[in-house]
Amino acid sequence: MKEFIELKSITNAPVKLYDPNYPTNTWRLHGIGFDFPTGAELAANGLLLVVGGDPAAFRTKYGVPASVPIFGPFPGALQDGGETLALQRPDAPDLDTNTGAIFIPYIDVDVVRYDNQAPWPTNADGLGPSLERLNAAVYGNDPSIGAPVPARHHLALKNTGNRLPVVNAGPDQSFSGTSFPLAVALNGSATDDGLPNPPGALALAWSQVSGPGTVWFSDPSRSNTTVNFPGVGAYVLRLTASDSVLQASDDLTVTIQRSPSPATFIAKGSVWKYLDNGSDQGTAWTAPTFTDGTWASGPAPLGYGAANDGPQQQLPATTNSFGPNSTNKLRHHLFPARLYGVECGIRSQSDGERPA
């Protein structure tokens, strides 16, 4: 995220960020080269931000409340290897007795010399968390009072207490499939400050926000899991993390398309189970739980033994029984098939003269 500095007032009265007697002489942040604009104030016990980019864009992107002033951009940069930052206020104009010039002396209000090495917290060094002061009333130049916290969910909040979990569902994804359901791996993540304790841990849950069909997760309580899509379309999935008091979520869109390559659902010469005794099996034989272990099987094509009516006049590879009477052939043959986990069946009906 963009660099920012957060200031907090620890007084019960507004703080004028300028000299009331000389209003054009304003406070400044020495180290990043930023001077507050004329008339700027910090509300009693209030917060403000000074950012390295456009203030309006920063507010919109990170959801900073409208009640929190944002100033910027500052021309300098926060050094990753550490530096000294000083909040300074102007004193009354003074005379330089050597040159006879009037100058504005500045007085340090607060100073911090942060670092990216111990004893300062090191995971605030470009890894996402911001470096925050735990006790606002203590002088800032002390590593023992600093702590790294998730920057995005801490803006304009107090420096202690429970924080929202930080959730990342992963980038949007697109896949092509030839058979369904299509299994896709999800790689989400969630971090937290460990509060409240208990429980001191996050509860995670994947859910479906929208889509043309219902998906199912192998384990919705794990950040890294597998989701199964029933068909093509755009699906929005959500990863939610809760610390039992606060919860946050993040969404991703998974787009499933059908592969442009031809797909073979039943290969030529496939082996089929079949029942050719003409008995009435009702509808039970089409159920996924039906047991066809006693049925005969053979490769396609299947028929009575005569050539079919196609242009190649192909003889069947598997000959089905037409019954005991060649002049009154069995009219029904059953061929169950499991296509990609879906049970279906084919019921062949003959007029008694043509191959099935």
Side-chain angles (χ1 to χ4, degrees), residues 1-62 64-97 99 101-115 120 124 130-143 145-147 149 151 154-160:
M1 67 186 302
K2 290 289 186 180
E3 293 182 332
F4 71 94
I5 295 175
E6 184 180 73
L7 300 183
K8 175 178 173 57
S9 171
I10 57 174
T11 69
N12 295 322
V15 178
K16 300 181 185 298
L17 302 179
Y18 57 88
D19 184 345
N21 297 319
Y22 302 92
T24 58
N25 297 339
T26 64
W27 290 38
R28 68 186 187 184
L29 278 170
H30 185 64
I32 59 170
F34 180 78
D35 295 310
F36 285 93
T38 302
E41 291 190 7
L42 179 55
N45 299 303
L47 296 167
L48 67 78
L49 298 175
V50 181
V51 301
D54 177 67
F58 190 95
R59 184 185 302 278
T60 300
K61 183 174 183 178
Y62 299 110
V64 179
S67 59
V68 177
I70 303 180
F71 299 97
F74 54 78
L78 297 174
Q79 301 301 311
D80 293 339
E83 65 176 317
T84 299
L85 298 175
L87 177 64
Q88 299 177 327
R89 64 173 179 84
D91 200 1
D94 203 352
L95 175 66
D96 186 334
T97 57
T99 64
I102 301 296
F103 70 99
I104 309 299
Y106 277 83
I107 301 172
D108 290 339
V109 177
D110 200 358
V111 178
V112 59
R113 173 63 174 93
Y114 69 90
D115 205 342
W120 289 90
S130 63
L131 184 63
E132 305 290 351
R133 187 184 304 183
L134 296 178
N135 187 343
V138 177
Y139 193 63
N141 202 22
D142 181 354
I145 54 85
V149 298
H154 181 259
L155 291 171
L157 296 175
K158 292 181 179 179
N159 292 350
T160 57

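Keep in mind it's a predicted model, so treat the numbers as computed, not measured. Starting from 1, each residue takes its place in the sequence as its number. Note that these values count all heavy atoms, side chains included, but never hydrogens, waters or copies made by symmetry.
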Among residues at least two apart in sequence or on other chains, which ones pass side chain to side chain donor-acceptor pair (under 3.5 Å) with [X]?
X: Arg28; result: Gln88
X: Gln79; result: none
X: Ser9; result: Thr11
X: Asn45; result: Asn12

For [X] and [Y], work out which heavy atoms get closest and say how close.
X: Tyr114; Y: Leu78; value: OH-C, 3.6 Å
X: Ala92; Y: Pro105; value: O-CD, 3.3 Å
X: Arg59; Y: Ile70; value: NH2-CG1, 3.5 Å
X: Pro23; Y: Thr38; value: O-CG2, 3.6 Å
X: Ile32; Y: Ala77; value: CG2-O, 4.3 Å
X: Pro55; Y: Gly72; value: CG-O, 3.6 Å

So, taking the atom named [atom1] in [X] and the one named [atom2] in [Y], what distance separates them when rounded to the nearest 0.5 Å?
X: Thr84; Y: Asp115; atom1: OG1; atom2: CG; result: 9.5 Å
X: Leu87; Y: Tyr106; atom1: CG; atom2: OH; result: 11.5 Å
X: Ile10; Y: Leu42; atom1: CD1; atom2: CG; result: 10.5 Å

Who pairs with Glu41 by side chain to side chain contact (heavy atoms under 4.5 Å, CB included), at least two apart in sequence or on another chain?
Pro14, Lys16, Tyr18
Could you please spell out the steps behind the side-chain contact (heavy atoms from CB on, under 4.5 Å) verdict for Asp19 and Ile104?
CA-CA 11 Å; Asp19 184 345; Ile104 309 299; over 6 Å; no
Criterion side-chain contact (heavy atoms from CB on, under 4.5 Å) on Leu7 and Asp110, from CA distance to verdict:
CA-CA 10 Å; Leu7 300 183; Asp110 200 358; over 6 Å; no
Can you tell if the side chain of Leu95 reaches within under 4.5 Å of the side chain of Ile102, non-hydrogen atoms only?
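Yes, close enough: below the 4.5 Å cut-off.
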From CA spacing to verdict: side-chain contact (heavy atoms from CB on, under 4.5 Å), Leu85, Leu29:
CA-CA 7 Å; Leu85 298 175; Leu29 278 170; 5.8 Å; no
Write out all pairs satisfying ring-ring contact (aromatic ring centres under 6.0 Å, His included) with one or both partners inside residues 22-43, taking only residues at least two apart or from two chains.
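Counting only pairs at least two positions apart or across chains, the ring-ring contact (aromatic ring centres under 6.0 Å, His included) contacts touching residues 22-43 are Phe34-Phe36, Phe36-Phe71.
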